[in-house]
Amino acid sequence: VPSLKATKRRCLAVIENNLGLCDFKAGRFANAEVHFFTAASMEEELPTADNPGATLFNLARVQQSLGKHSVALDCAAAATEHLRAKYQTVGLLMVQIDEIRQLLVHCLALQADAATSAHRYPVALDALTEAIKVASEGQPEESA
């Protein structure tokens with residue numbers, strides 16, 4: 001059972017992430033960057049963080065919007081690792097698996113975009129190839 005201090009810290013991380021989303025949608029990318037970075041730092045310290053992959057994905061999106069393509073690529077790669085691990089967790093509900101799969105595909109696409117912007121084309125190709133593979137896992141089988 002998480003301590004009260006850990007629960008408060010987890011809630012603060014969620015609030016920071018949500019503030020970052022508000023700033024991102026309003027085009028205040030520098031403010032969003034601060035909120036996402038703060039949330040990611042808090043989640044890094046928590047063993048029970050909800051989904052650090054989503055926060056890192058948001059941080060990667062804002063880095064890409066700020067033109068920091070190499071940093072965006074690093075953030076997207078870290079987010080992808082978190083999401084892969086969560087995607088393979090046993091006991092998730094189907095709806096959770098679908099949500100994580102969709103976020104993982106978006107994250108891989110962002111990783112490919114950031115890699116292209118940073119002129120790292122083999123990395124972009126690998127990310128797109130994996131995105132297509134993950135996306136197709138969620139599609140129903142075609143009957144012959």
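When reading the values below, keep in mind they use all heavy atoms of this one structure, side chains included, and skip hydrogens, waters and symmetry mates. Note that the structure is predicted; figures quoted are calculated from it, not measured.
- Note: Ser117 OG to Gln63 CD = 13.0 Å, rounded to the nearest 0.5 Å.
- Between Glu43 and Ala13 the shortest heavy-atom distance is CG-CB, 3.8 Å.
- A 4.5 Å side-chain heavy-atom check between Leu21 and Phe36 finds at least one atom pair inside the cut-off.
- Note: Glu45 CD to Arg9 CZ = 4.5 Å, rounded to the nearest 0.5 Å.
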*Would you please test Glu130 and Gln111 for side chain to side chain contact (heavy atoms under 4.5 Å, CB included) and show each step?*
CA-CA 11 Å; Glu130 185 177 353; Gln111 191 175 342; over 6 Å; no
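- In this structure Asp23 satisfies the side chain to side chain donor-acceptor pair (under 3.5 Å) test together with Arg28, His35, sequence neighbours excluded.
- For Glu99, there are no salt bridge (Lys or Arg N to Asp or Glu O under 4.0 Å) partners, not counting sequence neighbours.
- In this structure the side chain of Leu125 reaches within 4.5 angstrom of the side chain of Thr129, judged on heavy atoms.
- Between Gln64 and Asp113, the closest heavy-atom pair is NE2-OD2, 2.9 Å.
- Of all heavy-atom pairs spanning Leu56 and Ala79, the tightest one is CB-CB, 3.6 Å.
- Summarising the local packing, CZ of Arg120 is surrounded by 12 or fewer heavy atoms from other residues, nucleotides or ligands at distances under 6.0 Å.
- When all heavy atoms of Thr55 and Ala40 are compared, the pair lying nearest together is CG2-N, 3.6 Å.
- Atom CG of Leu46 and atom NZ of Lys5 lie 10.5 Å apart (nearest 0.5 Å).
- Closest approach of Ser70 and Ala118 over heavy atoms only: OG-CB, 4.1 Å.
- Linking Ile, Leu, Val, Met, Phe, Trp and Tyr residues whenever their side-chain heavy atoms come within less than 4.5 Å places Leu110 and Leu83 in a single cluster.
- Grouping the Ile, Leu, Val, Met, Phe, Trp and Tyr side chains by contacts below 4.5 angstrom, directly or via other members, places Phe57 with Leu108.
- Of all non-hydrogen atoms in Val105 and Ala131, the two that sit nearest each other are CG2-O, 3.8 Å.
- With rounding to the nearest 0.5 angstrom, the OG1 atom of Thr38 is 12.5 Å from the CD1 atom of Ile15.
- When the side chains of ILVMFWY residues are joined at heavy-atom separations under 4.5 Å, either directly or via intervening members, Tyr121 and Leu128 end up in two distinct hydrophobic clusters.
- Listed by first and then second residue, the ring pair (Phe, Tyr, Trp, His ring centres under 6.0 Å) pairs that reach into residues 5-28 are Phe24-Phe29, sequence neighbours excluded.
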